[in-house]
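Report on the following structure.
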Amino acid sequence: MLTGKHLRCIFFLSLALAAQAATTMWFNSTNVIPLGNGRLGAQMLGQIPDEVVILNEDRIWSGSLNDPNNKNCAVSLPAFREFVWQDDLYHAQATADAECMATPLSQQMYQTAGNLSIVTPHTGVITSYNHSLDMATAVSTTTYVYEGVQYTRTAFASHPDNVVVIQMSANSTGSIAFNASFVTPMSIPTFSANGENLTMTGQGTGMFGLQGSINFVVTAEFTATGTNAQVKANSNGHPSVLISNADEAVIVLAIDTNYVRYDDISADPNEKVVQTLANVRGKTFDDMLQTHVEDHSSLFGRVDISLGVPSTATFLPTNLRIKFPQGADADQDIFALYAQYGRYLGIASSRNTEASNLQGIWNSVLSPAWGSKHTVNINQQMNSWFAEPLNVAETLDPLWTMISEVAERGVATAQETYNISRGWVGHHNTGIWRDSSPIDAAFYGFWPLAPAWLLQHMYEHYAFNPDPESSFLKNTAYPLMKSLSEFYMDFLVEAPLDVEPNGYIVSNPSMSPEHGIGNYNDTNVSLTYGKRTSPLLTFN
Ligand SMILES: *[C@@H]1O[C@H](CO)[C@@H](O)[C@H](O)[C@H]1NC(C)=O
Ligand SMILES: *[C@@H]1O[C@H](CO)[C@@H](O)[C@H](O)[C@H]1NC(C)=O
Ligand SMILES: *[C@@H]1O[C@H](CO)[C@@H](O)[C@H](O)[C@H]1NC(C)=O
Ligand SMILES: *[C@@H]1O[C@H](CO)[C@@H](O)[C@H](O)[C@H]1NC(C)=O
Ligand SMILES: *[C@@H]1O[C@H](CO)[C@@H](O)[C@H](O)[C@H]1NC(C)=O
Ligand SMILES: *[C@@H]1O[C@H](CO)[C@@H](O)[C@H](O)[C@H]1NC(C)=O
Ligand SMILES: *[C@@H]1O[C@H](CO)[C@@H](O)[C@H](O)[C@H]1NC(C)=O
Ligand SMILES: *[C@@H]1O[C@H](CO)[C@@H](O)[C@H](O)[C@H]1NC(C)=O
Ligand SMILES: *[C@@H]1O[C@H](CO)[C@@H](O)[C@H](O)[C@H]1NC(C)=O
């Protein structure tokens with residue numbers, strides 16, 4: 001029979017187990033583990049013998065700033081609206097496609113920096129492999145045993161030190177040996193190896209008729225310890241750094257670009273990288289680790305989630321748990337892990353510089369799915385939903401900057417696309433160039449209501465901390481809400497009485513994003529006006 005005391009013990013034990021499991025993910029096979037300091041991203045694949053670390057910086061995008069606004073739109077808008085009133089939605093959408101869309105029609109993409117390749121001589125049988133992420137510390141660890149020696153790779157992306165740090169260690173002296181080099185698919189790449197550094201430079205690619213203009217520099221600095229340890233830069237062939245006979249090696253990576261703001265790309269990325277590395281030179285791995293863990297846990301450590309009692313499924317590798325081998329109810333802890341992973345990803349991909357994009361910050365290619373942009377017809381919103389309730393509201397700071405800068409560019413879009421001289425407007429995607437024009441196709445893009453939805457997040461930010469004197473409210477949220485409202489005041493039009501017999505003032509165009517409302521002339525259309533579809537609410 002279980003006494004109350006026993007039950008309490010079991011309860012506390014299971015809470016302890018659950019609490020531990022709910023911040024750790026691990027794999028017994030290679031798997032992507034994303035690290036990020038909000039600006040820099042590193043994907044640890046955990047491969048043996050040849051590790052690949054995919055590198056990102058959140059301002060490495062294709063193309064350059066341009067004027068995308070379609071100057072024909074304001075003139076064509078009355079005709080567009082007339083087609084809508086006539087319920088000729090085919091010609092309405094065709095008019096918007098022909099006269100209102102941005103040039104170029106597609107928006108620039110988020111791109112990769114490239115890969116750090118780490119080639120080890122561990123080509124034989126590997127045992128005791130474990131590739132894990134501790135989200136409470138934001139440290140990834142890969143351990144395995146090869147020929148009787150246990151090897152460990154420990155990595156993190158430090159926000160305060162502004163670098164990605166990878167330590168290669170073993171439980172036997174002189175065992176660390178590898179060959180490190182960079183590769184990139186980016187434009188005009190250069191590679192060099194000097195002393196204890198490896199450097200790669202490149203440029204965002206030209207795309208959709210716009211030249212590439214983001215220049216970036218990636219430098220890795222290598223240190224090795226051990227009596228016979230060697231670090232050798234090799235410039236014969238593809239530049240590389242060879243480490244041999246080391247007890248331990250540490251790789252410190254800095255990445256930077258020429259981006260300052262959407263309208264200023266005058267920074268010197270090399271100078272920034274040299275400065276960043278100079279700032280951490282002389283710090284030990286343990287120093288940097290401690291600084292990083294203190295910083296990360298000050299955000300991540302605010303929330304503990306424990307759900308029920310762990311089951312045997314709770315202790316499976318994470319990739320097997322998400323298949324719910326014993327049914328979803330058997331492993332409630334996975335939901336806690338999932339919520340914490342959301343918080344982890346927000347902290348890792350959205351601090352100080354850019355808000356998280358469609359892929360957060362992690363991307364290995366030139367042309368990722370949907371351009372890995374900031375898609376603001378739900379995806380950017382979804383990236384943000386957890387931030388206030390799960391107490392990492394700081395991760396929205398870059399979103400406020402992004403919206404403010406879209407609003408700067410959106411003044412011209414309001415004028416040129418809608419002939420509205422008050423306020424600003426944006427549409428369903430944006431990026432580091434802070435695009436505010438309708439893109440892709442009218443079906444998706446001709447949707448000036450996107451910013452209203454974005455500003456809902458600013459309202460929520462205020463509602464979670466309702467301080468009427470806050471600088472956020474006074475200097476950011478309220479001015480943006482007011483000026484956007486002014487745009488909408490001028491944007492609303494009176495529906496003709498034969499369309500709306502009660503004489504409503506409505507939005508035209510309007511749509512439910514990406515929801516076709518039916519076929520007109522064999523074409524799916526989304527654009528219509530803000531039609532009343534149910535009886536008006538009445539207030540007594
Ligand atoms: C990983 O762990 C699962 C569950 O214990 C096991 O079935 C599988 O064989 C393991 N895979 C490897 C590569 O060890
Ligand atoms: C823009 O609005 C102004 C003021 O209402 C009006 O005079 C002008 O004709 C409009 N321009 C176009 C292109 O519709
Ligand atoms: C792998 O490492 C993680 C993190 O330390 C740990 O929770 C997990 O139990 C380990 N898996 C195995 C099979 O040892
Ligand atoms: C290193 O770890 C492996 C695997 O755990 C073990 O077999 C070996 O004895 C250890 N070597 C030393 C020197 O501790
Ligand atoms: C970087 O690594 C990823 C994963 O292995 C790979 O898909 C990608 O092609 C690599 N990039 C280059 C330039 O080799
Ligand atoms: C190290 O890697 C580079 C890049 O792949 C290669 O050119 C070089 O030959 C390698 N060095 C050794 C000693 O394997
Ligand atoms: C390369 O490393 C040396 C020290 O080994 C340092 O003095 C130099 O500034 C480094 N270069 C860059 C670009 O970081
Ligand atoms: C119209 O497009 C929407 C969204 O792409 C789609 O869900 C819907 O099925 C389409 N309708 C028709 C009639 O093709
Ligand atoms: C149907 O579409 C064609 C072009 O594909 C257009 O020429 C025609 O005017 C449209 N007819 C109607 C009734 O909308």
Side-chain angles (χ1 to χ4, degrees), residues 29-35 41-57 60 79-80 82-98 110-119 122 124-131 141-153 164 168-176 180-191 198 200-205 216 218 220 226 238-240 247-248 253 255 359 361-369 372 441-443 518-525 527-528:
S29 53
T30 67
N31 218 298
V32 167
I33 288 183
L35 299 175
Q43 295 181 60
M44 309 303 297
L45 302 193
Q47 296 181 162
I48 299 161
D50 302 345
E51 177 63 309
V52 169
V53 182
I54 302 168
L55 299 169
N56 285 104
E57 201 276 357
I60 299 178
F80 168 91
E82 191 53 37
F83 284 129
V84 171
W85 303 140
Q86 305 290 330
D87 199 35
D88 183 353
L89 300 185
Y90 170 81
H91 280 107
Q93 189 162 291
T95 301
D97 269 319
Y110 176 56
Q111 302 190 310
T112 186
N115 296 345
L116 172 67
S117 141
I118 303 174
V119 174
H122 306 160
V125 175
I126 298 297
T127 57
S128 306
Y129 178 88
N130 191 345
H131 185 46
T141 308
T142 312
T143 57
Y144 58 95
V145 174
Y146 177 71
E147 291 184 345
V149 177
Q150 171 157 357
Y151 292 90
T152 304
R153 300 173 189 163
V164 173
M168 312 282 281
S169 60
N171 71 346
S172 159
T173 54
S175 300
I176 296 296
S181 59
F182 285 126
V183 286
T184 186
M186 301 296 286
S187 290
I188 49 172
T190 72
F191 303 92
L198 199 54
M200 159 170 82
T201 69
Q203 189 177 67
T205 67
F216 67 90
V218 186
H238 192 76
S240 58
D247 298 349
E248 180 190 301
L253 278 147
I255 312 177
Q359 292 178 194
I361 202 171
W362 300 278
N363 167 34
S364 64
V365 295
L366 295 179
S367 181
S372 195
F443 180 95
N519 277 341
Y520 281 70
N521 195 13
D522 290 331
T523 303
N524 198 352
V525 304
L527 294 167
T528 180

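Each ligand, and each atom within it, is numbered from 1 in the order the structure gives. Bear in mind that the values here come from a model prediction, so they are computed numbers and not experimental data.
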Discussion item. Determine whether Glu51 and Ser117 satisfy the following criterion, side-chain hydrogen bond (donor to acceptor under 3.5 Å, both in side chains), listing intermediate values before the conclusion.
Written reply: CA-CA 6 Å; Glu51 177 63 309; Ser117 141; over 6 Å; no
Item to complete: Show which atoms of ligand 4 fall inside a sub-4.0 Å distance from at least one heavy-atom site of Val145.
Response: 4 (C)
Discussion item. Quick check: Tyr144 with His122 (ring centres under 6.0 Å apart)?
Written reply: yes
Practice prompt. Give a yes-or-no answer on whether the side chains of Thr112 and Ser364 include a donor-acceptor pair shorter than 3.5 Å.
Written response: no
Fill in: Atoms of ligand 9, numbered as shown, that sit under 4.0 Å from any heavy atom of Asn521
1 (C), 2 (O), 3 (C), 8 (C), 10 (C), 11 (N), 12 (C), 14 (O)
Item to complete: Say whether Pro185 and ligand 5 are in contact under the criterion: heavy-atom distance to a ligand atom below 4.0 Å.
Response: yes
Worksheet entry | N or O contact, Ser364 vs ligand 5, cut-off under 3.5 Å | no
Response to the item:
protein heavy-atom neighbour closest to atom 9 (O) of ligand 4 works out as Gly148 O, 4.6 Å
Practice prompt. Measure the distance from atom 5 (O) of ligand 5 to every protein heavy atom, then report the residue, atom name and distance (to 0.1 Å) of the closest one.
Written response: Leu45 CD1, 3.9 Å
Item to complete: Say whether Ser128 and Gln150, considering side chains only, have a donor N or O and an acceptor N or O under 3.5 Å apart.
Response: no
Worksheet item: Does a donor on one side chain sit under 3.5 Å from an acceptor on the other, for Ser181 and His238?
Response: no
Worksheet item: What residue and heavy atom of the protein are closest to atom 1 (C) of ligand 4, and at what distance?
Response: Asn171 ND2, 1.4 Å
Discussion item. Quick check on contacts: which atoms of ligand 5 are under 4.0 angstrom from a heavy atom of Val52?
Written reply: 2 (O)
Practice prompt. Could you tell me the separation between the OG1 atom of Thr142 and the CZ atom of Arg153, rounded to the nearest 0.5 Å?
Written response: 6.0 Å
Practice prompt. Scan side-chain atoms only and decide if Tyr520 and Asp87 contain a donor-acceptor pair under the 3.5 Å cut-off.
Written response: yes
Worksheet item: Is a side-chain N or O of Asn363 found less than 3.5 angstrom from the main chain of Tyr110, in a donor-acceptor match?
Response: yes
Practice prompt. Any atoms of ligand 9 less than 4.0 Å from a non-hydrogen atom of His91? List them with their elements.
Written response: 9 (O), 12 (C), 14 (O)
Worksheet item: Do any non-hydrogen protein atoms sit less than 4.0 Å from atom 7 (O) of ligand 9?
Response: no
Fill in: atom 14 (O) of ligand 5 [closest protein heavy-atom partner, distance rounded to 0.1 Å]
Val183 CG2, 3.6 Å
Worksheet, complete the sentence: Looking only at protein heavy atoms, what sits closest to atom 4 (C) of ligand 9 is Tyr90 OH, 3.2 Å
Worksheet item: What residue and atom, counting heavy atoms only, is the protein's closest point to atom 11 (N) of ligand 5, and at what distance?
Response: Asn115 ND2, 2.9 Å
Item to complete: Give a yes or no answer on whether the side chain of Trp362 reaches the backbone of Leu55 with a donor-acceptor pair at less than 3.5 Å.
Response: no
